[in-house]
Amino acid sequence: MLFSGTVMGQFTISTVTPGDISVRDLRDSIAPNPLAVPSSYKNDFFDRDFWKAEKRRVRKSRHSTELNAKLQVSQTQFKNWASGGDNTFNGISELYFKHSHRREKLTYDVSFEGRYGMNFIERVRFKNVDEFKIILNSSWDINKWWSYAASSTLRSQFTTGYKSRDDHTRSSTLMAPGFLELSIGFKYENKPFSVLISPVGGNAVFVLDERLRENGMNGVEPGDRAKWEVGPSLRFNLDYEFYKEIFWLRSELYTFTNMKKAPTMRWETNLDIRATKFLSTTFKAVVNYDRESAAEKPKSLQFNSIVSVGLSYTLRSK
């Protein structure tokens, strides 16, 4: 009841190559002298090189790819310094990849975002940034602004995390916790922003580590691997480049509720300032609210912000 479309196909009766095309000599019927030498007419209607070039052009117009990689570091060192201080080293690496495809009314894209950061304080290493997201989106146009849409997001981290620099008690690891967000509904898009309204959506929390699963985590019952919930959700996205593409602002707000408890909310904002082609400054802020999270005060807002400067490179196919 929600989806309809048109299926079209092309069938080739025979394969034609330039070598198979014949050239015939036809007598010119309007020539004044019927004994004149026949004129040659070449009916070469197929050009393979032109066909390949046109195929590449159409493929390029339907696909777009974007890749952005960053490496940002900072260091502080003290030696025989009167006011004292700790020697520190911080490093953050980021990777952003997005591929989009559009054909007639159908649009789909897949994107990956990954961040990993370490700091060293007096030669003691500790992980302070670790997360990744895999996002799949698809839509079918209804009109210029609205479309049927579906979205899925998988979030987790790469490596094992610990409570603190001195306490090596395991607090998290890959897919413990892991978050899966599913949305099906209607999307309104007026670039650079879009809103996905999902009357029926899904939210899952995974704890696949056996040791962490024993004590329960993020609302998952002790011993269970996952917790599933169904309810409405709302997702807002902003992707905007301005002032000669020097500033790149990306923001995403997601909220979900199962209609029985307070909604969860995650708001993530990134602002890149590209000073040169290979140098950028990044401002990142995340606001999270989840009453069942592992935070010390789960009923309060969680906030995280990062300001970093370093190397950056962006590659785009379109």
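FYI, the numbering just counts along the sequence from 1.
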### Query
Is it true that Glu113 and Arg115 make a salt bridge, defined as a side-chain N closer than 4.0 Å to a carboxylate O?
yes
### Query
Is Val309 reachable from Val73 through a run of I, L, V, M, F, W or Y residues, each pair having side-chain heavy atoms under 4.5 Å apart?
no
### Message
Can a side-chain donor-acceptor contact be found between Asp141 and Ser147 if the only test is distance below 3.5 angstrom?
### Response
no
### Query
Do the side-chain N and O atoms of Thr169 and Asp167 include a donor-acceptor pair separated by under 3.5 angstrom?
yes
### Message
Quick one: does any side-chain atom of Arg291 pair with a main-chain N or O of Ala262 as donor and acceptor, under 3.5 Å?
### Response
no
### Query
Can you check whether Thr160's main-chain N or O pairs, donor with acceptor, with Lys127's side chain at less than 3.5 Å?
yes
### Task
Would you mind listing every side chain to side chain donor-acceptor pair (under 3.5 Å) that reaches into residues 193-213, with sequence neighbours excluded?
Arg170-Asp209
### Task
Under the side-chain hydrogen bond (donor to acceptor under 3.5 Å, both in side chains) rule, what do Thr282 and Asp272 come out as? Steps first, then yes or no, please.
CA-CA 5 Å; Thr282 301; Asp272 288 348; 3.1 Å; yes
### Query
Does atom NZ of Lys261 have more than 12 heavy-atom neighbours, drawn from other residues, nucleotides or ligands, at distances under 6.0 Å?
yes
### Query
Between Tyr254 and Trp267, is there a shared hydrophobic cluster once you connect ILVMFWY residues whose side-chain heavy atoms come closer than 4.5 Å?
no
### Query
When you check the side-chain N and O atoms of Arg274 and Ser280, is any donor under 3.5 Å from an acceptor?
no
### Message
For Arg103, is the CZ atom crowded, meaning more than 12 foreign heavy atoms sit under 6.0 Å from it?
### Response
no
### Query
Under the 3.5 angstrom rule, does the side chain of Ser156 hit a backbone N or O of Met175 as a donor-acceptor pair?
yes
### Message
Using the rule that Ile, Leu, Val, Met, Phe, Trp and Tyr join whenever any side-chain heavy atoms are under 4.5 Å apart, tell me whether Ile197 and Ile135 fall into a single cluster.
### Response
no
### Task
Just do the side-chain contact (heavy atoms from CB on, under 4.5 Å) check on Val286 and Ile306 with the steps written out, would you?
CA-CA 9 Å; Val286 180; Ile306 300 174; over 6 Å; no
### Task
Report yes or no: does Glu131 contribute a side-chain atom to a donor-acceptor pair with the main-chain N or O of Gln157 at less than 3.5 Å?
no
### Task
Indicate yes or no for a side-chain donor-acceptor contact from Asn87 to the backbone of Phe78 under 3.5 Å, with no hydrogens or angles considered.
yes
### Query
Do Tyr188 and Leu196 share a hydrophobic cluster, counting only Ile, Leu, Val, Met, Phe, Trp and Tyr and linking them when any side-chain heavy atoms are less than 4.5 Å apart?
no
### Message
Within the structure provided, determine whether Asn119 and Arg165 are in side-chain contact (heavy-atom separation under 4.5 Å).
### Response
yes
### Query
Which ring-ring contact (aromatic ring centres under 6.0 Å, His included) pairs, counting each pair once, include a residue from residues 278-315, with sequence neighbours left out?
Phe278-Tyr313
### Task
Enumerate the residue pairs fulfilling ring-ring contact (aromatic ring centres under 6.0 Å, His included) with a member in residues 205-245, sequence neighbours excluded, ordered by first and then second residue.
Phe206-Trp228, Tyr240-Phe242, Phe242-Phe247
### Message
According to salt bridge (charged side-chain N to carboxylate O under 4.0 Å, His left out), who are the partners of Asp290, at least two apart in sequence or on a separate chain?
### Response
none
### Query
Taking NZ, NE, NH1 and NH2 as the nitrogens, is one of them in Glu94 or Lys284 under 4.0 Å from a carboxylate oxygen of the other?
no
### Message
With a 4.5 Å cut-off on side-chain heavy-atom distances among I, L, V, M, F, W and Y, is there a chain of contacts connecting Val287 to Leu271?
### Response
yes
### Task
Have a look at Tyr96 and tell me which of Lys70, Lys133, Arg250 forms a side-chain contact (heavy atoms from CB on, under 4.5 Å) with it.
Arg250
Please list every donor-acceptor pair under 3.5 Å in which a side-chain atom of residues 176-186 meets a protein atom from a residue at least two apart or in another chain.
residue, atom, partner, partner atom, Å
Glu181, OE1, Arg235, NH2, 3.1
Glu181, OE2, Arg155, NE, 3.4
Glu181, OE2, Arg155, NH2, 3.4
Ser183, OG, Ser233, OG, 3.2

#### Entry: Of all pairs that satisfy salt bridge (Lys or Arg N to Asp or Glu O under 4.0 Å), the ones with a partner from residues 300-313, not counting sequence neighbours
none
### Query
Rounded to the nearest 0.5 Å, what separation is found between the OG1 atom of Thr255 and the CZ atom of Arg266?
13.0 Å
### Task
Evaluate side-chain contact (heavy atoms from CB on, under 4.5 Å) for Asp130 paired with Thr159, printing each intermediate quantity in order.
CA-CA 7 Å; Asp130 184 7; Thr159 60; 3.1 Å; yes
### Query
Under 4.5 Å between any side-chain heavy atoms of Thr107 and Ser138, yes or no?
no
### Task
Quick one: do Tyr108 and Val110 satisfy side-chain contact (heavy atoms from CB on, under 4.5 Å)? Show the steps, please.
CA-CA 7 Å; Tyr108 70 84; Val110 55; 6.0 Å; no
### Message
Can you confirm whether His63 sits close enough to His99 that some side-chain heavy atom of one is under 4.5 Å from a side-chain heavy atom of the other?
### Response
yes
